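Here's the structure, in structure tokens; my notes come after.
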Amino acid sequence: MSEKISVNSAWQTALTQLDNVSMTMMLSEDVHQLLRNFERILTVSIPVRMDNGSLRVFNGFRVQHNSARGPYKGGVRYHPDLTLDDLKALAMEMTWKCSLVGVPFGGAKGGIICNPKVLSKGELERLTRRFTYAIMPIIGIEKDILAPDVNTNEQIMAWMMDTYSMNNGYCTPGIVTGKPVNIGGSLGRTDATGLGITFSIASAIKSKKINFKGLKVAIQGYGNVGSTVGKLLSEMGSKIVAVSSSKGGVFNPKGLNHIALMKHYKEHGSFDNFPRAESITNEALLELPCDVLVPAAMGNQITKENADKIKAKMVVEGANGPTTLEADHILNERKIPVVPDILANAGGVIVSYFEWVQDVQCYFWCEHEVNAKLKNLLDRSYEEVFRLSQERKVNLRTAAMILAVKKVADAISVRGLYP
Ligand code: GLU
């Protein structure tokens, strides 16, 4: 298959991926056009009283891509470099992710342009509450359900849930997922993305007949997602050879101790001077010799500049959109398998779906049940993607996209066009 290679932005990547897969699937031009567009994009301004008495106006967005298969679903990210185009790419990706793994939701994403690291807790709370209020007309338990993403957490979800509930007049836990367990959060949600990535690594190494013992893994981004992968893999006897935070990372080919890493980061706020390890940059981490590379930080990390230098035997995408289109092409040519984000990191939205189901039913499951159901869904999805990739002789990303786009296209076709 010849692929159109396009410029290096997340949104261009998302669009070109859709165009390419639509061509491969011979998707009708009507459906293709519908999927290239968004059902709704809301831009809001968020005035916040700062601690020093001044007023600052932030910009926020909620992007709703497609709801053919169910209510919109997706996280909210807080980042100083956030753009509407990034959110469009991420919202579209949520449509594919939910579809691929059979979660009955459509795709959305939201965010605020801000640096949460320089805001006080009070400022963060006021920002979160005013944003939630501003997007209230377009969200709802059966309309659009929010969740955590980059720089947002359980506490922020709790404020969102409270703001929505107060304005709604009654307690509405199902409006957000990833909230604390004592207000309707699901057991297992915090670790779900990392656990899901670990299940994906298990499936990927099984198909290459390798096992966890002694597996060398490099993880870019050792936050909630990356560190869960590190913890679980260490427990299974793998070697975590390198990890990083936004400030840089550390490398030891003999393996790093997960507990010591977490302790060091907690005490120092970085991995600098971690004992018996070499300091490395985030860029260098990607080029280290290892069996599995897990980019679990931000998007656009594996690019045409470094894809040639990647020495990992496989890449498992923990972050959303870590590989650019050109890099994907290079890795494909080099026969380095890439487990795509919409499969590898789908554990988060899968358990978000379980959380929503539990909230709606007011009936909660034990952690074992949550994790078993997660494994079941992810293993099945991996199997479907792997089988199609073998049948059609395409890479895992193309196979995943074909499966995901087809289910959305079928839903659009059977529902028909209103009016
Ligand atoms: N932000 C996560 C993702 O990108 C989770 C979304 C959700 O749980 O709705 O998949």
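Keep in mind the model is a prediction, meaning the values are calculated, not measured. For ligands, and for the atoms within them, numbers begin at 1 and follow the listed sequence.
- Of the possible polar contacts, one joining the Asn282 side chain to the Ser245 backbone as a donor-acceptor pair under 3.5 Å is found.
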Compile the donor-acceptor pairs under 3.5 Å between side chains in residues 102-118 and protein atoms, sequence neighbours left out, one pair per line.
from   : atom 1 : to     : atom 2 : distance (Å)
Lys109 : NZ     : Asp149 : OD1    : 2.9
Asn115 : OD1    : Lys117 : N      : 3.1

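- Using modelled atom types, one side-chain atom of Ser165 and one backbone atom of Thr172 make a donor-acceptor pair closer than 3.5 Å.
- When the ring pair (Phe, Tyr, Trp, His ring centres under 6.0 Å) test is applied to Phe58, no partner is found at least two apart in sequence or on another chain.
- Looking at residues two or more places apart in sequence or on another chain, you find no salt bridge (charged side-chain N to carboxylate O under 4.0 Å, His left out) involving Glu367.
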With the criterion set at N/O pairs under 3.5 Å, what does the list of contacts between the protein and ligand 1 look like, atom names and distances included?
from     : atom 1 : to     : atom 2 : distance (Å)
ligand 1 : 1 (N)  : Pro148 : O      : 2.9
ligand 1 : 1 (N)  : Asp149 : OD1    : 2.7
ligand 1 : 4 (O)  : Lys97  : NZ     : 3.2
ligand 1 : 4 (O)  : Lys109 : NZ     : 3.0
ligand 1 : 4 (O)  : Asp149 : OD1    : 3.4
ligand 1 : 4 (O)  : Asn320 : ND2    : 3.0
ligand 1 : 8 (O)  : Arg189 : NH2    : 3.1
ligand 1 : 8 (O)  : Ser352 : OG     : 2.5
ligand 1 : 9 (O)  : Lys73  : NZ     : 2.8
ligand 1 : 10 (O) : Lys97  : NZ     : 2.7

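- Asp272 and His264 share no donor-acceptor pair across their side chains, judged by distance under 3.5 Å alone.
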